[in-house]
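Working notes for the structure below.
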There are 2 protein chains.
Amino acid sequence: MGATKTDHFSQRQNKVASLLKALGHPARIAIMEYLLKVNDCICGDIVNVLPLAQPTVSQHLKELKNAGLIKGSIEGTAICYCIDEKSLDFIHQYLGTMKQTLENKPNCC
Amino acid sequence: MGATKTDHFSQRQNKVASLLKALGHPARIAIMEYLLKVNDCICGDIVNVLPLAQPTVSQHLKELKNAGLIKGSIEGTAICYCIDEKSLDFIHQYLGTMKQTLENKPNCC
DNA sequence: TTATTATATTGCAATATTACGATAAATATT
DNA sequence: AATATTTATCGTAATATTGCAATATAATAA
């Protein structure tokens, strides 16, 4: 035991969960917010902004990238990371549908 | 090490992260979807619907409750669990703002 | 070529999560 | 009271995550 029983849930449920899980860490939220704040997205200075060591930041970036939340491309000696709008849209819409469904339901609590 | 450095991030960043983290598991997504689907929210049958043992489901419910995503109240022998609209609103709005901010930015990738 | 700079990877220790059997607690039913 | 039903908790094993020092890799600059 200890491993999530991924195969017992729908592909959609797993997709939603993995996106939200990737965002479920304050460092990764901070990274996303920083990517938003910076005008151009050559983001070699994320390490200087966060209270974490370079390998740790690199690992968080990798996780965000694996989840599909950010895109990265080599830009000379630096890496250009920026937010992938599509994945953000997807979870925003997912939660929006949830909210809307909730509004049409009687609530006992 | 191994523990998240919560105190190095803002309260807001931690709040967002903890809500999204709580949703970042397919079982908990499935629970939320089930709570939405069922008309009234006397939900003693979640265990029968999910491919997980009763203690596991109970633990997931506890996590959703701790995060503030669901509310639970004793209803005789059963427990009435249902979604807390406020927390759902919060993360939906958070992601919405992120999306909106992104739209006004030049995107290099 | 030899630094220099920037990012990634490896290896590892500390901690957290996931899952479940066994058991407890609380209430309802007989 | 005794039994059944429902949910929670405890204990524990397996696995995952977090964080960083050390090191590797890759591109640029001197």
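Chain naming here is simple, since letters A, B, ... match the order of the sequence lines and numbering starts at 1 in each. All figures in this text were calculated on a predicted structure; none of them were measured in a lab. Basis for what follows: all heavy atoms, side chains included, without hydrogens, waters or symmetry-related copies.
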Query - Distance in Å, A:L61 CG paired with A:L69 CG, rounded so as to fall on 0.5 Å steps - result: 11.5 Å
Report summary line: Per atom distances to the B:H25 side chain, the nearest of C:dA22, C:dA19, D:dA21 is C:dA19
Query raised in the report: How many Å lie between CD on B:Q59 and P on D:dC10, as a whole number?
Result: 11 Å
Query raised in the report: Within the structure shown, what part of the strands sits under 4.0 Å from A:E63 by heavy-atom distance: base, sugar-phosphate, or nothing?
Result: sugar-phosphate
Report summary line: Taken to the nearest 0.5 Å, the spacing of A:K62 NZ from A:I70 CD1 works out to 12.5 Å
Query raised in the report: Can you tell me if the side-chain N/O atoms of A:T56 get under 4.0 Å from OP1 or OP2 in D:dT18?
Result: no
Query - Interatomic distance where CG belongs to A:N14 and C1' belongs to C:dT18 [whole Å] - result: 14 Å
Query raised in the report: Hey, which of these two, A:G24 or A:P55, hits DNA chain D nearer its 5' end, going by closest nucleotide?
Result: A:G24
Report task. Rounded off to whole Å, could you give me the CG-to-C1' distance for the B:L52 and D:dT7 pair? Result -> 16 Å
Query - Approximate separation, where rounding is to 0.5 Å, of A:E33 CD and A:I83 CD1 - result: 9.5 Å
Query raised in the report: What nucleic acid atoms does B:K65 come within less than 4.0 Å of, heavy atoms only: base, sugar-phosphate, or nothing?
Result: nothing
Query raised in the report: Side-chain N or O of A:Y81 less than 4.0 angstrom from OP1 or OP2 on C:dA6?
Result: no
Requested in this report: Return yes if the base of C:dA8 and the side-chain atoms of A:Q54 contain a donor-acceptor N/O pair under 3.5 Å, otherwise no.
Outcome: yes
Query raised in the report: Does OP1 or OP2 of D:dT9 have a side-chain N or O of B:K62 closer than 4.0 Å?
Result: yes
Query raised in the report: Which of parallel (below 30°), tilted (30 to 60°) and perpendicular (above 60°) describes A:H25 and B:F9?
Result: perpendicular
Query raised in the report: Separation of A:L50 atom CG from D:dC20 atom P, in whole Å?
Result: 11 Å
Query raised in the report: Looking only at side-chain N and O atoms, does B:K21 come under 4.0 Å of OP1 or OP2 in C:dT17?
Result: yes
Query raised in the report: What integer distance in Å separates B:L61:CG from D:dT9:P?
Result: 11 Å
Query raised in the report: Closer than 4.0 Å, any side-chain N/O of B:H60 to the OP1 or OP2 of C:dA19?
Result: yes
Requested in this report: For B:S58, report the nucleic acid contact type (base, sugar-phosphate, nothing); a contact means any heavy atom under 4.0 Å.
Outcome: base
Requested in this report: Give a yes or no answer on whether the side chain of A:S87 reaches the backbone of A:G68 with a donor-acceptor pair at less than 3.5 Å.
Outcome: yes
